[in-house]
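What follows is a set of notes on a single structure, which appears directly below.
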Amino acid sequence: MPASTSSAGRADAPTLLVQITDTHLLAEPDSIMCQVNTDASLRAVLDLVRANGHRPDLLLATGDLSQDGSPASYQRLRELLEQNDWPVRCLPGNHDNPLTLRHSLGLWTQPVTDIGAWRIILLDSTVSGSDAGHIDDAQFDLLERAVALAGDRHILVALHHNPVQMDSKWHDTMMVDNAAELFQRLAALPRTRVLLWGHVHQAFDRRRHHLRMLASPSTCFQFAIREGQHVLDDAPPGYRWLKLYRDGSLATGVRRLDPGAWQQLRRAALNLA
């Protein structure tokens with residue numbers, strides 16, 4: 001059964017947010033990356049959103065939207081997402097070109113959005129010339145100012161890079177390098193309920209004091225940590241849904257492509273290669 005439909009029509013209904021992440025589109029739509037046609041897998045995931053009856057009040061795309069930072073890749077992303085009537089917000093990842101992304105996607109990149117009883121705050125964790133993440137003073141100022149002006153709204157903070165290690169047996173050199181400061185700031189902002197990210201190409205769900213920490217599968221290839229090694233994983237791509245309630249509680253889950261459909265997509269990509 002679908003987890004939710006749009007919240008329109010009931011004053012007490014939760015707000016529905018859908019997260020997609022790490023689409024890794026390239027300049028040419030037939031390009032293959034890690035044995036996946038990233039355009040085709042993104043289209044399949046968007047089809048899955050619709051098939052599950054999800055009509056998000058906000059679709060949030062959390063970085064690495066392009067693999068090569070090309071204007072063509074962002075234009076195709078815009079065209080795909082504009083086929084629906086969903087409001088969209090995007091933030092950059094380490095593979096994106098932030099200036100090209102903002103120029104191509106315009107208002108979709110604004111960092112503060114109110115939906116229902118919640119304020120969504122997007123932080124830019126990218127560092128020019130590096131795959132690692134960092135929250136600089138300007139982003140901390142944005143966070144604290146946006147929270148201070150949020151009134152009685154609950155807060156969801158989204159960024160690209162992970163602020164926690166996905167596995168204690170693997171030293172992650174590409175996560176947020178000042179995560180301790182981020183958590184210290186968030187600890188002083190008790191209306192912050194959710195910290196959400198992409199980057200890791202896998203699902204993650206853990207609590208830290210008043211925070212629900214969440215990561216989501218990529219819309220293309222997935223990663224896993226096995227025996228202390230970072231490896232590609234055969235798990236299908238997918239997306240995360242979140243129902244955000246007026247009292248600050250939430251429900252969330254991940255939906256993935258059917259494994260058979262995923263294998264068919266991969267075989268089609270290999271035939272094109």
Would you mind listing every salt bridge (Lys or Arg N to Asp or Glu O under 4.0 Å) that reaches into residues 195-209, with sequence neighbours excluded?
Asp205-Arg212
Please determine whether salt bridge (Lys or Arg N to Asp or Glu O under 4.0 Å) holds for the pair Asp152 and Arg119, giving the CA-CA distance in whole Å, both sets of side-chain angles, and the decisive distance to 0.1 Å.
CA-CA 10 Å; Asp152 60 357; Arg119 170 160 285 192; over 6 Å; no
Using the side chain to side chain contact (heavy atoms under 4.5 Å, CB included) criterion, which residues pair with Leu265? Sequence neighbours excluded.
Ala40, Ala44, Leu257, Trp262
Which Ile, Leu, Val, Met, Phe, Trp or Tyr residues join Val254 in one cluster when any pair of side-chain heavy atoms under 4.5 Å counts as a link?
none
List the steps and the verdict of side chain to side chain contact (heavy atoms under 4.5 Å, CB included) for Asn84 and Arg50.
CA-CA 9 Å; Asn84 309 285; Arg50 291 185 287 265; 2.7 Å; yes
Is a donor from one side chain sitting under 3.5 angstrom from an acceptor on the other, for Arg89 and Thr109?
no
Just by distance, no angles: are the side chains of Ser41 and Thr38 close enough, under 3.5 Å, to form a donor-acceptor pair?
no
Show every salt bridge (Lys or Arg N to Asp or Glu O under 4.0 Å) that has at least one partner inside residues 127-150, sequence neighbours left out.
Glu144-Arg185
Would you say that Ile20 contacts Leu42 through its side chain, given a criterion of any heavy-atom pair below 4.5 Å between the two side chains?
yes
Going by side-chain heavy atoms closer than 4.5 Å, which hydrophobic residues are tied to Leu17, directly or by a chain of links?
Leu58, Leu60, Leu91, Ile115, Trp118, Ile120, Leu122, Leu156, Val194, Leu196, Leu214, Leu242, Leu244, Leu250
Scan side-chain atoms only and decide if Glu79 and Gln83 contain a donor-acceptor pair under the 3.5 Å cut-off.
no
Suppose we call two aromatic rings close when their centres sit under 6.0 Å apart. Are His154 and Tyr245 close by that rule?
no
Quick one: does Pro92's side chain get under 4.5 Å of Asp124's, heavy atoms only?
yes
Under a 4.0 Å threshold between the charged nitrogen and the carboxylate oxygen, would Asp234 count as salt-bridged to Arg266?
yes
Give a yes-or-no answer on whether the side chains of His160 and Asn94 include a donor-acceptor pair shorter than 3.5 Å.
yes
Quick one: does Thr15's side chain get under 4.5 Å of Lys243's, heavy atoms only?
no
Does some side-chain heavy atom of Asp177 sit less than 4.5 Å from a side-chain heavy atom of Met175?
no
Please evaluate residues His103 and Tyr74 with respect to the criterion ring pair (Phe, Tyr, Trp, His ring centres under 6.0 Å), reporting the C-alpha separation (whole Å), side-chain torsions for both, the decisive distance (0.1 Å), and the verdict.
CA-CA 9 Å; His103 177 76; Tyr74 295 120; over 10 Å; no
Between Val127 and Met174, is there a shared hydrophobic cluster once you connect ILVMFWY residues whose side-chain heavy atoms come closer than 4.5 Å?
no
Answer yes or no on whether Arg78 is positioned over the face of Trp108, meaning its NZ or CZ is under 6.0 Å from the six-membered ring centre and within 45° of the axis.
yes
When clusters are formed from ILVMFWY side-chain contacts under 4.5 Å, directly or step by step, what else is grouped with Met166?
Val112, Ile121, Leu123, Ile135, Phe140, Leu142, Leu143, Val147, Ile155, Val157, Leu159, Val164, Val176, Leu182, Phe183, Leu186, Leu189, Leu195, Trp197, Val200, Phe204, Leu211, Met213
